[in-house]
Structure formats: C-alpha cells, structure tokens
Amino acid sequence: MKYWLIKSEGSCYSIADLQKDGTTAWTGVRNYQARNFMRDEMKVGDLVLFYHSNGDTEAPAGIYGIAKVSGLAHADMTAFDPKDEHYDARAAELNVDGKAPVWVCADVAFMRAFDKPVSLAEIKLDPKLSGMLVAKRGQRLSVMPVSEKHFRRIKELRP
DNA sequence: GCCAACGTTGGC
DNA sequence: GCCAACGTTGGC
C-alpha cells in the first residue's frame, strides 16, 4: 500500500466538493511526472492526503483531509474536450479511439475531512514531518508520494 | 542537444 | 499582485 498527496486549489475543487461527490476522477493533471505516478504506481486502496494550494489567511494552504484511491488510472477525457479548460490539442490529435491517452486520471473516494487543516506552516514546523515533499521549496507536482511515516504523523495530528 | 524565452504554479 | 522556481517549447 502506498500513500500520496494530491493538490487542488481549494477554490477550484475542495475536500467539501469531494465529500459531496463521494468519488471523483482526478482529471486535469498535465505534468508527466505526476501522470506517471498515477498511471504506474497508484493502486486501489492507496491512501491520499488532500491538499489545498493557493490558500489565504482564512483557509491556509495545507492538508484538508484524507481520500482513498478507488479506481486505477484511465483516460482523462477532459484532454479531448475543446471546451474544457484542460483541453490538450496535441494529446487529442495523438489519441486513437481513446486507446492511447496521453493523459490519465485515477479515481479517488472521500474518506474524511479534517476539522482544522494541517497547514503548510504546521508541516514545516513539525520535526516529524521534515522532508515531506510538499514542503520542499519549488515543489510543484500536483500528485506526489508520501512516506508511511509522514502519513501516520498526519493522522496522529488529526485523530 | 543546448539554452533562451515563455507560461504556470504556488507561497507569501 | 509579486516573484522565484520550474517545466515546456522551439530556434539553432
């Protein structure tokens, strides 16, 4: 079993949206490294920290809850939809009957939302969370692995 | 294959 | 809104 962190702008798709939807296809990832994590390593049952980026003082950037991988990576249809904000003309051209999608998405299911997020500031201050990728300077991956140790610590902070 | 220019992300 | 960091593009 692996552990992950996925990022979303809270104003775009929040943990509350996931709670409402139950499950969602994690579409819109347009970075090869992030895609490869989803396509090659994410397995059903893996646990996922749900991170909101671009926060403000009211709702700071940080981890807002926990989700679970509920479906293996499959074609991200938003890449083929010219009306979608994540449309990728080149990927659409390369695609043959949906058989060779450039972009994929795994499905994630809501598990729980934290009463209070574990903010980025809190992550940086906690010695037991040192080395967490998300707190690394310049780290912009929207899907990234999390160590079991760090995952357990997050759960310990929000039991 | 190098690298400058550009666009995007995301913390502050 | 600023700007540093990074990925991608495209000229050569």
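Just so it is clear, the values below take in all heavy atoms, side chains as well, and ignore hydrogens, waters and symmetry mates. Throughout, a chain's letter reflects where its sequence line sits, starting with A, and its residues are numbered from 1.
Within 4.0 Å (heavy atoms only), A:R30 reaches no atom of the nucleic acid at all.
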Next item on the list: Evaluate the criterion salt bridge (Lys or Arg N to Asp or Glu O under 4.0 Å) for residue pair A:R152 and A:E148; output intermediate values, then yes/no.
Entry: CA-CA 6 Å; A:R152 268 195 271 114; A:E148 186 185 356; 3.7 Å; yes
Next item on the list: Any chance you could lay out the side chain to side chain donor-acceptor pair (under 3.5 Å) test for A:S53 and A:R140, step after step, and finish with the verdict?
Entry: CA-CA 10 Å; A:S53 59; A:R140 303 188 317 183; over 6 Å; no
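Scored by the side chain to side chain donor-acceptor pair (under 3.5 Å) test, A:H86 finds no partners at all (sequence neighbours excluded).
Shown for residues 122-133 of chain A: residues whose heavy atoms fall under 4.0 angstrom of DNA chain B, namely A:K124.
In the 5' to 3' direction, nucleotides of DNA chain B lying under 4.0 Å from heavy atoms of chain A begin and end at B:dG7 to B:dC12.
Aromatic ring orientation, A:W26 versus A:Y13: perpendicular (interplanar angle above 60°, classes split at 30° and 60°).
Terminal axes of the helix from B:dG1-C:dC12 to B:dC12-C:dG1 (five pairs each, C1' rotation axis) are separated by 10°, to the nearest 10°.
The heavy-atom pair separating A:L141 from A:A34 by the smallest distance is CD2-N, 3.8 Å.
Judged purely by atom type and a 3.5 angstrom limit, A:H150 has no side-chain atom pairing as donor or acceptor with the backbone of A:Y3. For the pair A:R158 (side chain) and A:D115 (backbone), a donor-acceptor distance under 3.5 Å is absent. A donor-acceptor contact shorter than 3.5 Å links the side chain of A:D88 to the backbone of A:A91.
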Would you be so kind as to tabulate the donor-acceptor pairs closer than 3.5 Å made by side chains of residues 38-49 of chain A, with sequence neighbours excluded?
{"from": "A:R39", "atom 1": "NH2", "to": "A:N36", "atom 2": "OD1", "distance (Å)": "3.3"}
{"from": "A:D46", "atom 1": "OD1", "to": "A:K2", "atom 2": "N", "distance (Å)": "3.1"}
{"from": "A:D46", "atom 1": "OD2", "to": "A:W4", "atom 2": "NE1", "distance (Å)": "3.0"}
{"from": "A:D46", "atom 1": "OD2", "to": "A:K43", "atom 2": "N", "distance (Å)": "3.0"}

Side-chain atoms of residues 126-133 of chain A: list all donor-acceptor pairs with protein atoms under 3.5 Å, sequence neighbours left out, distances to 0.1 Å.
{"from": "A:D126", "atom 1": "OD1", "to": "A:K128", "atom 2": "N", "distance (Å)": "2.8"}
{"from": "A:D126", "atom 1": "OD2", "to": "A:R153", "atom 2": "NE", "distance (Å)": "2.9"}
{"from": "A:D126", "atom 1": "OD2", "to": "A:R153", "atom 2": "NH2", "distance (Å)": "3.0"}
{"from": "A:S130", "atom 1": "OG", "to": "A:P127", "atom 2": "O", "distance (Å)": "3.3"}

